[in-house]
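Please read the structure below before turning to the comments.
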Number of protein chains: 2
Amino acid sequence: MSQPKSKPPLEPEGAVPKAVVNRLSLYLRELLRLVRDGHQTTSSSHLGNLLGFTDAQVRKDLAYFGHFGYPGIGYRCQELIDAIRRILGTDRFWPVAMVGVGNLGRALLGYKGFGQQNFRIVAAFDVAADKIGESIDGVPVHPLDKLTEVVRQQRIKLGMVVVPASSAQTVADKLVAAGVEGIVNFAPVTIVLPPTVNLVGVDLAMELEQLSFAVVNRGNVVPANDD
Amino acid sequence: MSQPKSKPPLEPEGAVPKAVVNRLSLYLRELLRLVRDGHQTTSSSHLGNLLGFTDAQVRKDLAYFGHFGYPGIGYRCQELIDAIRRILGTDRFWPVAMVGVGNLGRALLGYKGFGQQNFRIVAAFDVAADKIGESIDGVPVHPLDKLTEVVRQQRIKLGMVVVPASSAQTVADKLVAAGVEGIVNFAPVTIVLPPTVNLVGVDLAMELEQLSFAVVNRGNVVPANDD
DNA sequence: TAGATTGTTAATCGATTAACAATC
DNA sequence: TAGATTGTTAATCGATTAACAATC
């Protein structure tokens, strides 16, 4: 409670809602585009308009982590980019492990977007003998048996599960046992992990379901004229 | 306002929060697994426990759409599956158009999970001459020029944008102009559509960013002991 | 019947927005 | 200076949870 000499840099006071962190990623993506287009500064209302949020929301989200703006001016784009990167942790390099070298796995190995945010898949794993030893897009494919060893050795903290639903839980458990602390699960199945491990699920069919619902219920959202 | 003879079947009274529809998809996925494992019935607390939700939430979500349960018994799995499918619209067949036959696009063409929920990519589009004419996983690859014609003719209502960020907006506009009413955008860029068109964005790097944030802020979430 | 579980209302909790003094 | 825009507080809105009568 004694007056702090310098502000603690970029860590939030208390818990941050998931939705806020999600929007932070969107702000970052938009800011990068603004800089590419030659913008030096932006404002909460400008950034909000671009993404469909209110200006108040933009300011509130950022205020969880510090004072990044200049009253009367707005935000300097590059400065805010650097700040959000520090907040998200993408100012440092993140090696990623991927399990499952099927169609989708191969596509992820070649995906350029990861590197731009400082993620790199450095090791892939599969059980199929014919895939092992291969190097795809420069990423070595190891036998699943080697998972613990490789993940430990390279201190990999993030993993992607790209195996069939039937083996997703087992694979996720192995990743966690090897020290992984965050997992993206592409298998269309619920997996359960210790509360200390972070989990994001991407179910491609579910995304389409959200759309078919919306299309079927078009216009039904408003109270509806009775006949 | 005259008393209705029979209840309107599976349409909500008013607006349904997005989060509810999302959970509906999760319930469906879990119910399908329960049936596969031989369960006949479940309950709101059973289903909730499996997914990490409260029993009240499960009941409330379903109550938006009707009365599907039996007091004292719970829910009959197959019955609830059928109901949720009608709600989501996946009781009918949905032809889908995909634009962009790169690595990720090819992987999506081979993805089995869509068919199980009654979605099928029936047409793919690209600008690259060497890809056009090809048939990948049974899906014809058309020149982008043919988009309007094919989408109109087959009355396609759902589209997937799997092109580079620089062309995502243009491609999405074309899909909308051709009659598509829902789009999944895999390009890492914000796209803007008329409010009548539904949009879901999947940004793979953003998913990892959510995890790096969580890993970096581990333990920092609780109020924090000051020193 | 007693036990279980629903659908729904009221209470709680959390997130978004509006408003404005402080600042450049 | 006047105009613009921040950070933050208080008000509003919406979503989740608890509780319970009704039901099987």
Side-chain angles (χ1 to χ4, degrees), chain A residues 4 7-24 26-27 31 34 39-77 79-80 83-84 87 210 221-223, chain B residues 7-24 26-27 31 34 39-77 79-80 83-84 87 221-223:
Chain A
K7 328 168 215 172
L10 296 175
E11 311 208 322
E13 294 292 300
V16 180
K18 279 236 174 67
V20 171
V21 184
N22 202 73
R23 285 193 295 269
L24 243 35
L26 291 171
Y27 300 152
L31 285 162
L34 287 174
H39 288 76
Q40 302 279 322
T41 64
T42 184
S43 66
S44 56
S45 56
H46 181 219
L47 200 47
N49 285 153
L50 290 170
L51 290 161
F53 305 136
T54 63
D55 57 333
Q57 178 141 76
V58 173
R59 291 197 300 277
K60 191 115 216 283
D61 285 347
L62 296 172
Y64 275 96
F65 303 97
H67 301 191
F68 305 116
Y70 301 89
I73 310 289
Y75 302 87
R76 303 203 213 287
C77 295
E79 233 176 79
L80 190 51
I84 296 180
I87 295 165
Q210 304 307 296
V221 184
V222 191
Chain B
K7 332 168 213 172
L10 294 175
E11 312 209 322
E13 293 293 301
V16 180
K18 281 236 172 68
V20 171
V21 185
N22 201 72
R23 286 193 295 269
L24 242 36
L26 291 171
Y27 300 152
L31 285 161
L34 287 174
H39 289 75
Q40 302 279 323
T41 64
T42 184
S43 66
S44 56
S45 55
H46 182 219
L47 199 47
N49 287 154
L50 290 170
L51 290 162
F53 305 137
T54 64
D55 57 333
Q57 178 140 74
V58 173
R59 292 196 300 278
K60 192 114 214 283
D61 285 347
L62 295 173
Y64 274 95
F65 303 96
H67 300 192
F68 306 116
Y70 301 89
I73 310 290
Y75 302 87
R76 303 205 213 288
C77 294
E79 235 176 78
L80 191 51
I84 295 180
I87 295 166
V221 184
V222 191

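A quick note: this is a predicted structure, and the numbers were derived from the prediction, not measured. Just so it is clear, the values below take in all heavy atoms, side chains as well, and ignore hydrogens, waters and symmetry mates. In what follows, chains are A, B, ... by sequence order, proteins preceding strands, each numbered from 1.
Rounded to an integer number of Å, the gap from CD of A:E79 to C1' of D:dT6 is 14 Å. As a whole-Å value, the separation of A:K18 NZ from D:dA15 P is 18 Å. Between the CD1 atom of B:I73 and the P atom of C:dA4 there is a distance of 12 Å, rounded to whole Å. Atom OH in A:Y75 sits about 14 Å away from atom P in C:dC24, given to the nearest Å. At whole-Å resolution of the value, CD in B:Q57 and P in C:dT12 are 19 Å apart. The CZ atom of A:R23 sits 12 Å away from the C1' atom of C:dT17 (whole-angstrom rounding). Protein atom CG of B:N22 is 16 Å distant from nucleotide atom C1' of D:dT16, rounded to whole Å. Going from atom CD of B:Q40 over to atom C1' of C:dT5 covers 18 Å, rounded to whole Å.
Here A:Y75 contributes atom OH and A:L47 contributes atom CG; the two are 8.5 Å apart, rounded to the nearest 0.5 Å. Rounding to the nearest 0.5 Å gives a distance of 13.0 Å between OG1 of B:T42 and CD1 of B:I73. Rounding to the nearest 0.5 angstrom, the gap separating the CG atom in A:L62 from the CG atom in A:L24 is 6.5 Å.
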Polar pairs (N or O, both sides) under 3.5 Å between protein and nucleotides 18-22 of chain C?
from   : atom 1 : to    : atom 2 : distance (Å)
C:dA19 : N6     : A:R59 : NH2    : 3.2

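Looking at residues 43-51 of chain A, you'll see A:S43, A:S44 sit with a heavy atom under 4.0 Å from some atom of DNA chain D.
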* Asked: Which is it for A:V58 and A:L51 under the side-chain contact (heavy atoms from CB on, under 4.5 Å) test, yes or no, and what are the steps along the way?
  -> CA-CA 10 Å; A:V58 173; A:L51 290 161; over 6 Å; no
* Does the pair B:L26 and B:F53 meet the rule for a side-chain contact (heavy atoms from CB on, under 4.5 Å), with working shown? -> CA-CA 11 Å; B:L26 291 171; B:F53 305 137; 4.0 Å; yes
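Base pairing in DNA chain D yields stems of at least 3 consecutive Watson-Crick or G-U pairs, both distances under 3.5 Å, namely C:3-24 with D:3-24.
No contact: B:F53 has no heavy atom under 4.0 Å from any strand.
The phosphate of D:dT23 has neither OP1 nor OP2 within less than 4.0 Å of any side-chain N or O from B:H67.
Nearest approach of B:A15 to B:Y64, heavy atoms of both residues: O-CE2, 4.1 Å. Between A:S44 and A:R59, the shortest heavy-atom distance links the atoms OG-NH1, 2.9 Å. Closest approach of A:G69 and A:P71 over heavy atoms only: O-CD, 3.9 Å. Minimum interatomic distance between B:I84 and B:Y27 (heavy atoms only, all atoms of both residues): CD1-CB, 3.9 Å. When every heavy atom of A:L34 is checked against every heavy atom of A:C77, the shortest pair comes out as CB-SG, 4.4 Å.
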